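Chain A is the first sequence line, chain B the second, and so forth, proteins listed ahead of strands; every chain is numbered from 1. Model, not experiment: these values are computed from the prediction.
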Amino acid sequence: MLAALLRADLVVLTKNKMRLILSLLLPLIILSTTNSSKATRHFGGAEFILGLAITSGIAGTSIMGYAPMAARDRDNGVFQRLRVSPAPTWVVMASRLSVQMVSNFVIALVVLVLGDRIHHLSLSAETYVLVLLVSILGSAVFLAVAQALVGLVKSADTVQAFGRLLYIGLVMLGIFGASGELGGFWDTVSKWSPVGALMKVFAGVVGPGTFGSQDWLSLLACGGYVVVLAALGIYWFRFDAQ
Amino acid sequence: MMLASAGSDSHNIIWIVLGALLVIRLAVGAGRRNRRQSASAPVPSSAPPAPATASVAAPASTDRATLLEVRQLTVAYGSKVAVDGVSFEIRRSEIFGLLGPNGAGKTTTLSAIEGLRRPRSGAVLLNGVDIVRQPAVAKAQMGVQLQSTGFQSELTVRQVARLYAGLYGVTMNDEDLDRALADVGLGRELDRTTKQISGGQQQRLSLFVAVIHDPTLLLLDEPTTGLDPQSRRQLWARIERVRANGGSILLTTHSMEEAQALCDRVAIIDHGRVLAIDTPRNLIDQHRDDPLVRASARGEVTLEDVFIGLTGSEIRD
């Protein structure tokens, strides 16, 4: 059952490759426009820029890819059709989320390689592995955000509109938070937002030195986002659009 | 110097913001294109026309064993009770019709049998298996065609068939699968996506995946709605074939002609309750002299007259 679902979901993913390419566009812009040493310093260092780039890519494909597609399939009765088969609903959702995780992983890997080259980071193999592991956590964070969105909002069009606003809001919060231009309260909000917390974890594993207490707290915050938002997303989600 | 630095930093942020807006704009464009394609007129059917053979309902027999038992089924949406103590049985190799005006509770009853909606009380037993307690076992024995076809628009006809074969544990090689699809008139559409085929072809694909595992019970929710007469007759012939192979069929329909031609027995339900269950012939005979039935009859009493006599003539939303 799971194999049949995974195969079908992979076909759907490959036929929507434009979404994948678009999800790579913003990370590439971030990496290329912050190439100078002055710009790098402004954003807190190359490790933060790399964190921001990977985070924005994963957020893009989850919030503007997974959520609208799940809402569209719910509107079109795809989930109901699958639910009348013997496949348990958790298998149906696990297949979708797994395929989305793969797509996020690919984005993280591409951005990591390009970021390493563009910002001359010369990352070790160990760092590569750590960043990719953190990207799995990042996928979980933003898929939980997307699941909560598609659970809370019923119509596919509204999910798309909300998704756009949420994506731009989260990315802006991350950018301005990293540049320190928001000041005071908003800097704190940015730091502990899903984007800010994940950027900090990425920066922690890429940057020099040990993984500090602030990094651990950010990791904990990411875990909290996953647990809370996934629980809400599952609780709110309805397979039927009506 | 400070001013120059600040200016350069602002430029970086502006570029990133513009980039984010560009990504969103492009993503919205791609989404709109997808929706337009889904809504575009379907490709005309290239399948050969079906022979227009009228189907005649087989005489109902009372000695066939019970396959599906619906006992005092009650389903509610919050405080609104949509199905209120509905009970009926379906026998082996029987075509059973569920008739009722809009909002009568037909689709809700079907949803509870399909395991899509949890009943507030009552039981649904398929071959003795409780649909609530053992949903996977019960679902493996039933085939379902919902009102909307519900396939992912990116998948081709072959990929959809392959997906559902996998879900029901049916092992078929590519050649057998293609041949089976050709048998239902989808041989030329194998590599077309589900959004590129006509409504009639989508219905055929939907019925194909519903019976791909030879279910003992086939559930059809208004299967002929929107079909032309040729496609409708072809579907009737397919339903008859399922019955001939030992399957039972439960269908909902608004077409009294269809119910009369196809069903061994029908249940008329309204406001979530069963008003009558019998063969179409017996229902007509029993209610022939009912004043409300007589009032709606134009000449010889039909099943439609009985239906209107029992459920009233006011329009439902």
Nearest 0.5 Å, please: how far is CZ in R83(A) from CD in E114(B)? 10.5 Å
Hey, could you give me the OG/CD distance between S148(B) and Q80(A), rounded to the nearest 0.5 Å? 8.5 Å
Do Q152(B) and D9(A) come within less than 4.5 Å of each other through their side chains, counting heavy atoms only? yes
Taking atom CZ of F162(A) as the centre, does the number of heavy atoms from other residues, nucleotides or ligands within less than 6.0 Å exceed 12? no
Contacting moiety of A210(B), where chain A heavy atoms sit under 4.5 Å: both
Given a strict heavy-atom distance threshold of 4.5 Å, which part of L5(A) is in contact with chain B: side chain, backbone, both, or neither? both
Shortest non-hydrogen contact from A4(A) toward L167(B): CB-N, 4.2 Å
Compile the donor-acceptor pairs under 3.5 Å between side chains in residues 143-155 of chain A and protein atoms, sequence neighbours left out, one pair per line.
residue : atom : partner : partner atom : Å
Q147(A) : OE1  : Y66(A)  : OH           : 2.6
K154(A) : NZ   : G151(A) : O            : 2.8
S155(A) : OG   : D157(A) : N            : 3.4
S155(A) : OG   : T158(A) : N            : 3.1
S155(A) : OG   : T158(A) : OG1          : 2.7

Bottom line for L82(A): the part with an atom under 4.5 Å from chain B's heavy atoms is both
Below 4.5 Å from any heavy atom of chain A, which atoms of T193(B) appear? Answer side chain, backbone, both or neither. side chain
Residues P86(A) and Y168(B): closest non-hydrogen pair is CD-CE2, 3.3 Å
Side chain from CB out, backbone as N, CA, C, O: work out which of these in Y164(B) comes under 4.5 Å of a heavy atom of chain A, or both, or neither. side chain
Best-contacting candidate, G77(A), S85(A), A3(A), against chain B by heavy atom pairs under 4.5 angstrom: S85(A)
Just so I know, are the side chains of V11(A) and T156(B) near enough to count as touching, which here means a heavy-atom distance under 4.5 Å? no
Is chain A contacted by the side chain of V160(B), its backbone, both, or neither, given a heavy-atom distance below 4.5 Å? neither
Is L146(B) in contact with chain A via its backbone, its side chain, both, or neither, using a 4.5 Å heavy-atom distance? side chain
